[in-house]
Amino acid sequence: MSVSGRVVKPTTRRGKRTLQKREPQVIEDPKRALFLKGRKTSELVRRALKDVYQMKKPDALMFAKRNDITVFEDPTPLERHCKKNECAHFLLGSHSKKRPNNLTIGRMFNYALLDMVELHIESYKSLMDFIGPKMTLGIKSCLLFNGPQWDESDDLKMLRSIFIDFFHIEQIDVIRLQGIEHTLSFSVTPASIICLRSYKVLLKKSGLSIPRVELEEIGPRIDFSLRRTKPASPDLMKEACKKARELIPHKKRNISMDVFGTTHGRIHVGKQEILRIQTRKLKGLKKTGEEKWAKQKKLKVLEK
């Protein structure tokens with residue numbers, strides 16, 4: 001169902017499969033993010049967009065040209081771009097005299113704006129300014145949120161939820177120690193400054209069964225401060241958080257599998273009475289009176 005309340009019914013099989021993919025899933029696929037520039041951007045904003053884009057790849061799409069978008073006044077152009085490119089998140093960079101070095105991060109639901117937060121870049125160190133190992137493409141990051149302020153402010157709670165959705169790749173049930181290679185740390189200072197740090201996880205020998213863990217900063221390093229926020233309405237958030245019911249497959253009867261992996265099925269066929277089967281009547285196959293009398297006699301014997 002669309003946001004306006006109009007029920008969309010598919011007319012083709014391909015359209016039905018497309019609508020089924022947009023429905024709530026038990027295990028969701030990685031969501032794409034759209035990176036774009038506003039009317040005017042500074043060199044600091046362009047470098048920050050490029051670095052976050054490198055962290056989000058390959059589930060990311062970046063526009064090279066500028067766009068006449070003021071998302072807090074009119075989100076319609078942004079919703080149109082996200083729908084056309086099938087992106088559920090966006091990061092918009094802008095720069096003006098009133099709001100310099102500005103980043104707006106937000107989410108979409110059903111290709112309509114759900115919520116967003118405007119951030120001001122207080123300080124920034126680029127990914128290229130760090131010497132050492134670089135981030136691997138498509139790596140799964142471990143997210144850390146430091147500071148009690150994340151649970152005390154509604155705006156920070158919303159921002160934490162957006163960060164988790166933005167950098168989420170896939171659901172993992174079992175974590176292997178050697179598989180944790182990268183960590184994103186989000187810390188809030190007493191002055192309400194949000195510090196983003198990126199670390200490479202290094203496992204070194206410790207002489208024990210558990211290795212010694214060290215963190216090496218690989219960038220980027222960004223400090224944010226909150227500006228404007230636009231939370232989602234309670235009804236829309238409830239609809240966006242709806243989970244799909246996991247269907248339990250029915251057990252198939254009369255089907256078994258042997259030790260070699262071959263599937264065997266048992267089919268029950270009723271008794272076939274060949275003499276009672278009706279076939280097409282042809283003149284060449286028309287029976288005489290003696291044949292009819294013999295057939296009736298045989299049927300009476302069978303009934304007895």
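This structure is a prediction, so every number in the text was calculated from the model and none was measured. This chain uses plain numbering: 1 for the first residue, then up along the sequence.
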- With distance as the sole test, does K125 use its side chain to make a donor-acceptor pair with the main-chain N or O of F130 at under 3.5 Å?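 The answer is no, because no donor-acceptor pair under 3.5 Å joins these two groups.
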Taking atom [atom1] of [X] and atom [atom2] of [Y], what is their separation to the nearest 0.5 Å?
{"X": "N101", "Y": "L119", "atom1": "CG", "atom2": "CG", "answer": "12.5 Å"}
{"X": "L203", "Y": "R212", "atom1": "CG", "atom2": "CZ", "answer": "10.5 Å"}
{"X": "F145", "Y": "L156", "atom1": "CZ", "atom2": "CG", "answer": "10.5 Å"}
{"X": "K37", "Y": "L92", "atom1": "NZ", "atom2": "CG", "answer": "11.5 Å"}
{"X": "L61", "Y": "E86", "atom1": "CG", "atom2": "CD", "answer": "11.0 Å"}

**OP:** Return yes if a side-chain donor-acceptor contact under 3.5 Å exists between H264 and S256, otherwise no.
**Re:**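 Absent: no donor and acceptor within the cut-off.
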Salt bridge or not between R227 and E118? Use side-chain N to carboxylate O under 4.0 Å.
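Here R227 does not pair with E118 in a salt bridge, since their nearest N and O are not under 4.0 Å apart.
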(message) Could you check whether R197 pairs with D223 (Lys NZ or Arg NE/NH1/NH2 to Asp/Glu carboxylate O, under 4.0 Å)?
(response) yes
### Message
Exactly one of D59, L143, I162 should register a side-chain contact (heavy atoms from CB on, under 4.5 Å) with F167. Which one does?
### Response
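Exactly one pass, corresponding to L143.
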**Asked** Do the two ring centres, one from F63 and one from H81, sit under 6.0 Å apart?
**Response** yes
**Prompt:** Honestly, is K230 close enough over F72, meaning NZ or CZ under 6.0 Å from the six-membered ring centre and within 45° of the axis?
**Reply:** no
In terms of the angle between their ring planes, are F35 and Y53 parallel, tilted or perpendicular, with boundaries placed at 30° and 60°?
->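 If you compare the ring of F35 with that of Y53, the planes turn out perpendicular.
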